[in-house]
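Written out below as structure tokens is the structure these notes cover.
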Amino acid sequence: MRIGVLALQGNFREHAAMLRRLGADVVEVRKREQLEGLDGLVVPGGESTTFMRLMRLYGLDEAVRSFGGPVFGTCAGMIVLDRGHLGVMDLDVDRNAYGRQVASFEADLHLAGDEEPLRGVFIRAPRVRDRGADVEVVAELDGEPVLLRQGRFLVASFHPELTEDTRVHELFLEQVGEATSVRA
Ligand code: GLN
């Protein structure tokens, strides 16, 4: 599987390393042409304002909007995909909703259909304010959705690329596998 990781800013190296560990062929995407032929795309965490600015500068905003494959956004990557930014997901997300840098924290999450807790690393994390009916909750923290899926989109308000636990990336690759088999 050929997976692109937007490499404009933020945690792209960690995502790339984790995807390679899981056997994916990873492309660091800095130009719109590099989206061609990808089976999936990761929009990493970082800083959403900077992210949007750089995406516009390189024409990647339009290119990501028209990318038809599965997309996985983490933290700032989730903000970028919401109604108020690229508008590809039926979500409204509040930035820095858990407070400032000092409010960054880790917590055990319950992943739907899995007994083993998932360690979530939250760094100035966004919070989902509103979501459409077809957005499915995959994991919650204190009753709040922190991992969500809408069709070909998967978003996390935390940073699964910063732990050794590969389950969220595996989930994304499963989504990519399903989409690829539908196309084939
Ligand atoms: N607070 C950042 C933002 O608003 C997101 C933080 C992150 O990606 N770790 O874009």
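Counting starts at 1 for both ligands and their atoms, in listed order. Just so you know, residue 1 is the first one in the sequence shown, and it goes up from there.
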> Distance-only, no hydrogens or angles: does the Glu161 side chain make a donor-acceptor pair with backbone N or O of Met18 under 3.5 Å?
Replying inline: no
> Do the rings of His15 and His169 sit parallel, tilted or perpendicular, given the 30° and 60° boundaries?
Replying inline: tilted
> Based purely on interatomic distance, does His159 place a nitrogen or oxygen under 3.5 Å from a nitrogen or oxygen of ligand 1?
Replying inline: yes
> Between Ile123 and ligand 1, is there a nitrogen or oxygen pair with a distance under 3.5 Å?
Replying inline: yes
> Can you check whether Arg124 has an N/O within less than 3.5 Å of an N/O in ligand 1?
Replying inline: yes
> Is the backbone of Val27 close enough, under 3.5 Å, to the side chain of Gln34 for a donor and an acceptor to pair up by distance?
Replying inline: no
>> Applying a heavy-atom cut-off of 4.0 Å, say which part of Arg95 lies close to ligand 1: side chain, backbone, both or neither.
In response: side chain
> Counting each atom of ligand 1 from 1 as listed, which ones have a heavy atom of Asn96 under 4.0 Å away?
Replying inline: 1 (N), 2 (C), 4 (O)
> Would you say Gly46 and ligand 1 have an N/O pair spaced under 3.5 Å apart?
Replying inline: yes
> Short list, please: which atoms of ligand 1 are under 4.0 Å from a heavy atom of Gly45?
Replying inline: 8 (O)
> Can you check whether Ile79 has an N/O within less than 3.5 Å of an N/O in ligand 1?
Replying inline: no
> Which heavy-atom pair separates Ala125 from Cys75 by the least distance, and what is that distance?
Replying inline: CA-SG, 4.3 Å
> Would you say His159's side chain and Val121's backbone share a donor-acceptor pair under 3.5 angstrom?
Replying inline: no
> Which atoms of ligand 1 sit under 4.0 Å from any heavy atom of Ser48?
Replying inline: 3 (C), 4 (O), 10 (O)
> Is there a donor-acceptor pair under 3.5 Å between the side chain of Asp108 and the backbone N or O of Pro117?
Replying inline: no
> Considering only the protein, which heavy-atom contact is closest to atom 7 (C) of ligand 1, and what is its distance?
Replying inline: Cys75 SG, 2.8 Å
>> Tell me whether the rings of Phe105 and Phe122 are parallel (<30°), tilted (30 to 60°) or perpendicular (>60°).
In response: parallel
